[in-house]
There are 2 protein chains.
Amino acid sequence: MARPRSFDEDAVLEGAMALFWRRGYDGATLEALDRATGLNRGSLYNAFGDKRDLFLAALSRYVRQAISPAVEAVRAAPNGSAALDILFPLDAPVDRRGCLICKAAAEVAPVDAEIAEIAREAYRPLREALEAVFAADPDVTSAKPSAAMVVAAYQGTKIMANAGVSAEEITKVADGAREALISA
Amino acid sequence: MARPRSFDEDAVLEGAMALFWRRGYDGATLEALDRATGLNRGSLYNAFGDKRDLFLAALSRYVRQAISPAVEAVRAAPNGSAALDILFPLDAPVDRRGCLICKAAAEVAPVDAEIAEIAREAYRPLREALEAVFAADPDVTSAKPSAAMVVAAYQGTKIMANAGVSAEEITKVADGAREALISA
DNA sequence: AGAGTTCTTGACCGTTTAATCAAGAACTGC
DNA sequence: GCAGTTCTTGATTAAACGGTCAAGAACTCT
């Protein structure tokens, strides 16, 4: 009944997300988005709406692809220590891209209430998953504050990664969380 | 020997810093900087160089004005608990502006190596001050990792503040840090 | 095969951006 | 009061920005 789309919508979103992640919202120009997605500007607007709509879709994809798996893994963790191993994997290279949600919180949230809410909600499942694991672990005291603190420290390491902080430095954050929480 | 400046350099820097803090680097247009500083564009360029130079000066002022006093206060803290009281003051309203250094780390550091280094170094004195206080406090174990974790959690709360996270939520982070670190 | 619909393309538009510049103003030292 | 220097002003510029649009391509259904 009509001309079919010549692109894979998810692949396009992947490209857009990657660019926003690297360059931020303002830093990702439409010209660069064209290149990153392989799509012409008109097709991009036809399929996703304007730049902000595309950003919203990219944020949603990021949560689904980068945060949700970690939440599931934490849910399945047998104890608090195992949960920390998921958030702060040992001897993993530092990803300087940091976290797209944190970048959006810093850059866009102050001038966009809807994106602020998305950023606020994005980390709630992780916090709740940590609460549940900590509450079930007799070695961890006060599950709720501990979960809140770990999430804050996690977000902190993502900002530090953007600044190029070394792996050793970030590992120290993880060590601090481990030694502080696990009273065993 | 020449026409004198008609403005107070520090007041101008204060205005520029405030605007960068609220709107970020890209978000602070030169027109808005003119208004925020009360200076004409030509005067701004004559006195400070280009936009990036002005941003560097604003970052420097921010460290001096917003971070250094906290570092001094932490240095003077009698124990770990008192140090945490400085970083996480009870019943203080949340400043949604967050932290200019963290915003610069998220937005600018990935594409500007010099600013990345500034962001990396800006929090080192705070971390070292915490290390010293923690090391002298028999109730705190492993001063270095604990200090690193507290700084990460602190930066995390600044990002959360940008997203509009509530005071209760942020207080929980502080509670978590207290209960985790102070084994008394 | 023809009509109808959607998708793709690349040129195009108005706006906004950071940055510049010539001209005049304000001051100091002689 | 004159020369010399720096500061201020506002118009100006070239480039880059997000967004639009007309024309043609590609497909389905009848």
Side-chain angles (χ1 to χ4, degrees), chain A residues 1-59 100 103-104 107-112 114-115, chain B residues 1-59 100 103-104 107-112 114-115:
Chain A
M1 227 194 194
R3 178 171 182 176
R5 289 196 173 159
S6 63
F7 60 88
D8 174 23
E9 189 162 322
D10 195 62
V12 166
L13 226 47
E14 159 75 27
M17 182 195 76
L19 187 70
F20 281 128
W21 198 355
R22 282 210 171 74
R23 302 270 185 251
Y25 181 76
D26 277 333
T29 68
L30 283 182
E31 195 189 337
L33 282 166
D34 286 349
R35 269 183 275 118
T37 60
L39 246 64
N40 187 289
R41 198 160 312 191
S43 298
L44 216 52
Y45 271 74
N46 180 53
F48 297 98
D50 65 11
K51 186 185 180 182
R52 182 174 171 279
D53 292 330
L54 184 59
F55 188 62
L56 289 173
L59 285 179
L100 179 58
K103 290 185 77 160
E107 183 189 357
V108 191
V111 292
D112 190 317
E114 188 183 348
I115 289 177
Chain B
M1 228 196 195
R3 180 171 178 175
R5 290 198 171 153
S6 64
F7 59 88
D8 174 22
E9 189 162 323
D10 194 63
V12 167
L13 226 46
E14 158 75 28
M17 183 196 76
L19 187 70
F20 281 127
W21 198 354
R22 283 209 171 73
R23 303 269 184 254
Y25 181 76
D26 278 332
T29 68
L30 281 180
E31 194 189 337
L33 282 166
D34 285 350
R35 269 184 274 116
T37 60
L39 247 63
N40 187 288
R41 198 157 314 189
S43 298
L44 217 51
Y45 272 77
N46 180 54
F48 297 98
D50 65 12
K51 188 185 181 184
R52 182 173 171 279
D53 292 330
L54 183 59
F55 187 62
L56 289 173
L59 284 179
L100 178 57
K103 291 186 76 160
E107 183 190 356
V108 191
V111 292
D112 191 317
E114 187 183 348
I115 290 177

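Chain letters run A, B, ... following the sequence lines, proteins first, then strands; residues in each count from 1. Only heavy atoms go into these numbers, but all of them, side chains included; no hydrogens, no water, no symmetry mates.
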>> For a quick check of understanding: with a heavy-atom distance under 4.0 Å over all strands, which category does B/Ala32 fall into, base, sugar-phosphate or nothing?
In response: nothing

Round to a whole Å and report the spacing from [atom1] of [X] to [atom2] of [N].
X: A/Leu33; N: D/dG18; atom1: CG; atom2: C1'; answer: 11 Å
X: B/Asp8; N: D/dC7; atom1: CG; atom2: P; answer: 15 Å
X: B/Leu19; N: C/dT17; atom1: CG; atom2: P; answer: 12 Å
X: B/Phe48; N: D/dC7; atom1: CZ; atom2: P; answer: 12 Å
X: B/Leu30; N: D/dA14; atom1: CG; atom2: P; answer: 18 Å
X: A/Glu31; N: C/dT9; atom1: CD; atom2: P; answer: 16 Å

>> Using a strict heavy-atom distance below 4.0 Å, which residues from residues 34-47 of chain A are in contact with DNA chain C?
In response: A/Asn40, A/Gly42, A/Ser43, A/Asn46

> For DNA chain C, whose closest nucleotide is more 5', that of B/Arg52 or that of B/Ala2?
Replying inline: B/Arg52

> Backbone N or O of B/Phe20 within a donor-acceptor pair of the B/Lys103 side chain at under 3.5 Å?
Replying inline: no

>> Given 3.5 Å as the limit, does a donor-acceptor pair link the side chain of B/Glu107 with the main chain of B/Asp26, or not?
In response: yes

> Within the structure, does a side-chain N or O atom of B/Ser6 lie under 4.0 Å from either OP1 or OP2 of D/dT8?
Replying inline: yes

> Considering only side-chain heavy atoms of A/Lys51, which listed nucleotide, D/dT5, D/dG19, C/dA19, is closest?
Replying inline: D/dG19

